[in-house]
Amino acid sequence: MSFSSKIFVRGLATSAKQWSPIKTVTIIGSGLMGSGIAQVAASTGHKVTVVDQTQDIVDKASASIKKSLSRVVKKKFPDDPKAQQTYIADTMGHLTLQTDAVSAVKSADLVVEAIVENLDVKRKLFATLDEAAPQHTVFASNTSSIPIKDIAVATKRGDRFGGLHFFNPVPMMKLVEVIRIPETSEETYNALEAFGKAVGKKTVQCKDEKGFIVNRLLVPYMVESIRLAERGDASTRDIDVAMKLGAGYPMGPFELLDYVGLDTIKFILDGWHESDPTNPLFQPCESLNKLVKENKFGMKTGEGFYSYDK
Ligand SMILES: CCCCCCCC(=O)CC(=O)SCCNC(=O)CCNC(=O)[C@H](O)C(C)(C)COP(=O)(O)OP(=O)(O)OC[C@H]1O[C@@H](n2cnc3c(N)ncnc32)[C@H](O)[C@@H]1OP(=O)(O)O
Ligand SMILES: NC(=O)C1=CN([C@@H]2O[C@H](COP(=O)(O)OP(=O)(O)OC[C@H]3O[C@@H](n4cnc5c(N)ncnc54)[C@H](O)[C@@H]3O)[C@@H](O)[C@H]2O)C=CC1
């Protein structure tokens with residue numbers, strides 16, 4: 001059955017809001033984002049296969065999904081240990097973790113890529129998957145900063161390609177940005193949007209422009225916060241307190257910088273600066289560069305703008 005006839009036939013019987021043509025999902029990359037996306041997809045009844053490079057990595061992902069689920073169920077079923085266990089077992093029962101990407105996409109309706117933020121590596125992966133996946137399979141990248149069109153050129157399925165940008169921590173953050181490139185068909189866009197809703201997220205639509213919506217606004221905000229501290233106008237602590245209590249943000253900019261990873265922010269800023277060198281919002285940032293040079297990436301290395309117990 002072709003993808004389009006699946007949508008048409010099933011779409012007649014169910015409401016557009018709840019119904020998604022995506023039932024079987026393969027997530028490539030089981031790091032921070034891939035494991036979170038896998039978790040929310042599995043817990044909403046999708047059949048999910050997660051792929052990473054080694055058995056050790058997928059074992060760690062499985063453990064981190066279980067840990068995250070145990071936090072979720074405490075809130076979802078506060079006084080019902082049995083329901084907590086059932087929810088965790090059901091979700092884990094929808095998950096398969098493996099190391100072979102080619103066999104993992106053979107029956108996928110959707111492939112979500114969440115591997116390292118490197119264009120060449122993403123292109124190489126998608127070129128391989130394009131050969132292996134069935135005709136109807138939709139491809140999506142979770143990239144933070146690389147244009148979707150630059151990744152999609154590695155495949156012959158631009159019409160079945162788009163962006164699905166989730167947020168960290170995936171189980172908690174309620175948004176998915178759905179990104180279309182000019183080639184993305186209406187049917188593909190609708191399927192991606194329906195999948196976002198089916199995993200319990202609010203979706204927003206965005207063109208394939210730098211940073212989409214959230215990162216296009218957040219990156220300059222974070223960099224401007226660093227510049228404010230660099231000028232000595234206020235301390236990092238006070239800037240964080242100010243933005244939490246004065247603007248209602250759950251984390252201050254320096255807490256968020258350390259949480260996301262300073263290496264990641266630098267990578268994004270450098271890339272945008274390279275492609276738009278005169279844009280004042282994308283100018284290099286001295287103290288960010290210094291911390292990254294010293295391998296102080298934030299929470300994951302134990303030190304960034306703040307220090308953390310490892
Ligand atoms: C940005 C520039 C460019 C970067 C480029 C790369 C990034 C991207 O492309 C896009 C992004 O993701 S940007 C980052 C977006 N994320 C944010 O802004 C997070 C902001 N922080 C928060 O929302 C909360 O602090 C947060 C929800 C994180 C934690 O809440 P709290 O601060 O209150 O801390 P907790 O007390 O530990 O947690 C509160 C409740 O959340 C539950 N929880 C937290 N993490 C979880 C996880 N991983 N899995 C499951 N449950 C989780 C936790 O259970 C807790 O619930 P309660 O027990 O009821 O308190
Ligand atoms: N960290 C964040 O806050 C966010 C990251 N993103 C994007 O999501 C993607 C993944 O980011 P993270 O999960 O943070 O990275 P991560 O470093 O935690 O995980 C990446 C995983 O991909 C695996 N991998 C690398 N090459 C692979 C390949 N060829 N085949 C299979 N697995 C491979 C790695 O072994 C690793 O486990 C990136 O494109 C990033 O820009 C998007 C939203 C938020």
Side-chain angles (χ1 to χ4, degrees), residues 26-40 43 50-61 64-76 78 97-102 104-105 111-129 140-146 148 151 163-177 179 210-223 225 240 243-244 248-253 255-269 271-272 288 297-300:
T26 297
I27 317 282
I28 315 282
S30 71
L32 192 62
M33 297 306 291
S35 57
I37 300 164
Q39 178 182 327
V40 295
S43 66
V50 188
V51 180
D52 211 305
Q53 301 182 96
T54 67
Q55 192 57 42
D56 189 40
I57 300 175
V58 296
D59 287 345
K60 281 190 184 128
S64 101
I65 292 171
K66 276 188 200 137
K67 194 172 161 199
S68 174
L69 281 170
S70 69
R71 296 175 78 177
V72 169
V73 293
K74 274 193 198 124
K75 246 193 317 194
K76 212 173 167 64
L97 294 103
Q98 63 181 65
T99 54
D100 177 26
V102 166
V105 299
V111 174
V112 182
E113 168 273 314
I115 67 167
V116 60
E117 187 78 337
N118 177 303
L119 179 57
D120 290 339
V121 181
K122 287 188 194 287
R123 277 186 180 162
K124 195 166 165 235
L125 171 74
F126 273 118
T128 306
L129 300 184
S141 175
N142 182 55
T143 178
S144 296
S145 65
I146 300 172
I148 302 293
I151 307 171
L164 274 179
H165 187 220
F166 286 83
F167 293 83
N168 177 30
V170 179
M172 299 305 299
M173 303 303 283
K174 297 186 175 66
L175 184 72
V176 181
E177 292 173 328
I179 297 105
K210 274 189 187 60
F212 316 128
I213 300 173
V214 173
N215 287 349
R216 181 65 180 77
L217 297 174
L218 259 186
V219 172
Y221 154 70
M222 287 166 137
V223 173
S225 307
D240 278 347
M243 293 313 291
K244 284 190 285 188
Y249 286 25
M251 288 177 171
E255 290 168 340
L256 190 54
L257 277 156
D258 278 358
Y259 183 72
V260 168
L262 304 187
D263 52 334
T264 307
I265 308 287
K266 177 172 158 50
F267 178 85
I268 296 173
L269 191 65
W272 291 0
L288 179 67
F297 297 164
M299 284 173 84
K300 61 185 160 189

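Atoms within each ligand, like the ligands themselves, are counted from 1 in listed order.
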Sub-3.5 Å donor-acceptor pair from the side chain of [X] to the main-chain atoms of [Y], do we have one?
{"X": "Lys210", "Y": "Arg216", "result": "no"}
{"X": "Asp52", "Y": "Ser30", "result": "yes"}
{"X": "Glu177", "Y": "Ile179", "result": "no"}
{"X": "Ser68", "Y": "Ile65", "result": "no"}

Q. Taking it one step at a time, do Val58 and Gln98 satisfy side-chain contact (heavy atoms from CB on, under 4.5 Å)?
A. CA-CA 7 Å; Val58 296; Gln98 63 181 65; over 6 Å; no

- Would you tell me which option among Ile268, Ile115, Val50 has the nearest heavy-atom contact to atom 22 (O) of ligand 2?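 Result: the heavy atom closest to atom 22 (O) of ligand 2 is in Ile115.
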
- Could you name the option among Gly34, Ala104, Ala114, Gly29 that has the heavy atom nearest to atom 20 (C) of ligand 2?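 Comparing heavy atoms across Gly34, Ala104, Ala114, Gly29, the nearest one to atom 20 (C) of ligand 2 lies in Ala114.
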
Exercise. Can you tell me which residues line ligand 1 if we count any heavy atom under 4.0 angstrom from one of its atoms, in chain and number order?
Key: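 For ligand 1, the residues that come within the 4.0 Å heavy-atom cutoff are Ser68, Arg71, Val72, Lys75, Ser144, His165, Phe167, Asn168, Pro169, Pro171, Met172, Met173, Asn215, Leu218, Val219, Met222, Pro250, Met251, Leu256, Tyr259, Val260, Ile265, Ile268.
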
If you take all heavy atoms of [X] and [Y], which pair is closest and at what distance?
{"X": "Lys244", "Y": "Met251", "result": "CG-C, 3.7 Å"}
{"X": "Phe126", "Y": "Ala140", "result": "CZ-O, 3.8 Å"}
{"X": "Ser141", "Y": "Ile151", "result": "OG-CD1, 3.6 Å"}
{"X": "Phe212", "Y": "Ile146", "result": "CZ-O, 4.4 Å"}
{"X": "Leu257", "Y": "Met222", "result": "N-CE, 3.7 Å"}
{"X": "Ser144", "Y": "Asn215", "result": "O-ND2, 3.3 Å"}

Distance from [atom] to nearest protein heavy atom, with residue and atom:
{"atom": "atom 19 (O) of ligand 2", "result": "Gly31 CA, 3.3 Å"}
{"atom": "atom 35 (O) of ligand 2", "result": "Asp52 OD1, 2.6 Å"}
{"atom": "atom 30 (N) of ligand 2", "result": "Ile28 CG2, 3.9 Å"}
{"atom": "atom 11 (O) of ligand 2", "result": "Met33 CG, 4.0 Å"}
{"atom": "atom 8 (O) of ligand 2", "result": "Asn142 ND2, 3.0 Å"}
{"atom": "atom 25 (C) of ligand 2", "result": "Gln53 NE2, 3.5 Å"}
{"atom": "atom 18 (O) of ligand 2", "result": "Leu32 N, 3.0 Å"}

- Task: Tell me, with the steps shown, if Asp120 and Lys124 meet salt bridge (Lys or Arg N to Asp or Glu O under 4.0 Å).
- Result: CA-CA 6 Å; Asp120 290 339; Lys124 195 166 165 235; over 6 Å; no

(request) Tell me yes or no: between the side chains of Glu117 and Thr264, is some donor less than 3.5 Å from an acceptor? (result)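 Note: Glu117 and Thr264 side chains miss the donor-acceptor criterion.
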
Taking only heavy atoms of [X], which atoms of ligand 2 are found under 4.0 Å from at least one of them?
{"X": "Lys122", "result": "38 (C), 39 (O)"}
{"X": "His165", "result": "42 (C), 43 (C)"}
{"X": "Asn168", "result": "3 (O)"}
{"X": "Thr143", "result": "39 (O)"}
{"X": "Ile57", "result": "35 (O), 37 (O)"}

With nothing but distance in play, are any N or O atoms of [X] less than 3.5 Å from an N or O of ligand 2?
{"X": "Glu117", "answer": "yes"}
{"X": "Val260", "answer": "no"}
{"X": "Ser144", "answer": "yes"}
{"X": "Glu113", "answer": "no"}
{"X": "Leu125", "answer": "no"}

| request: Quick one: look at Phe167 and ligand 2, take heavy-atom pairs under 4.0 Å, and tell me if it's side chain, backbone, both or neither. | output: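 The answer is neither; Phe167 stays 4.0 Å or more away.
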
Applying the side-chain contact (heavy atoms from CB on, under 4.5 Å) test to Val105, which of Asp100, Val51, Leu129 qualifies?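 Exactly one option meets the side-chain contact (heavy atoms from CB on, under 4.5 Å) with Val105, and it is Leu129.
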
**Any non-hydrogen protein atom less than 4.0 Å away from atom 15 (O) of ligand 2** =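 Protein heavy atom within 4.0 Å of atom 15 (O) of ligand 2: absent.
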
| request: Just do the salt bridge (Lys or Arg N to Asp or Glu O under 4.0 Å) check on Lys300 and Asp263 with the steps written out, would you? | output: CA-CA 10 Å; Lys300 61 185 160 189; Asp263 52 334; 3.1 Å; yes

Side-chain contact, heavy-atom cut-off 4.5 Å: Lys266 with Leu262?
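SC-SC contact between Lys266 and Leu262 ruled out.
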
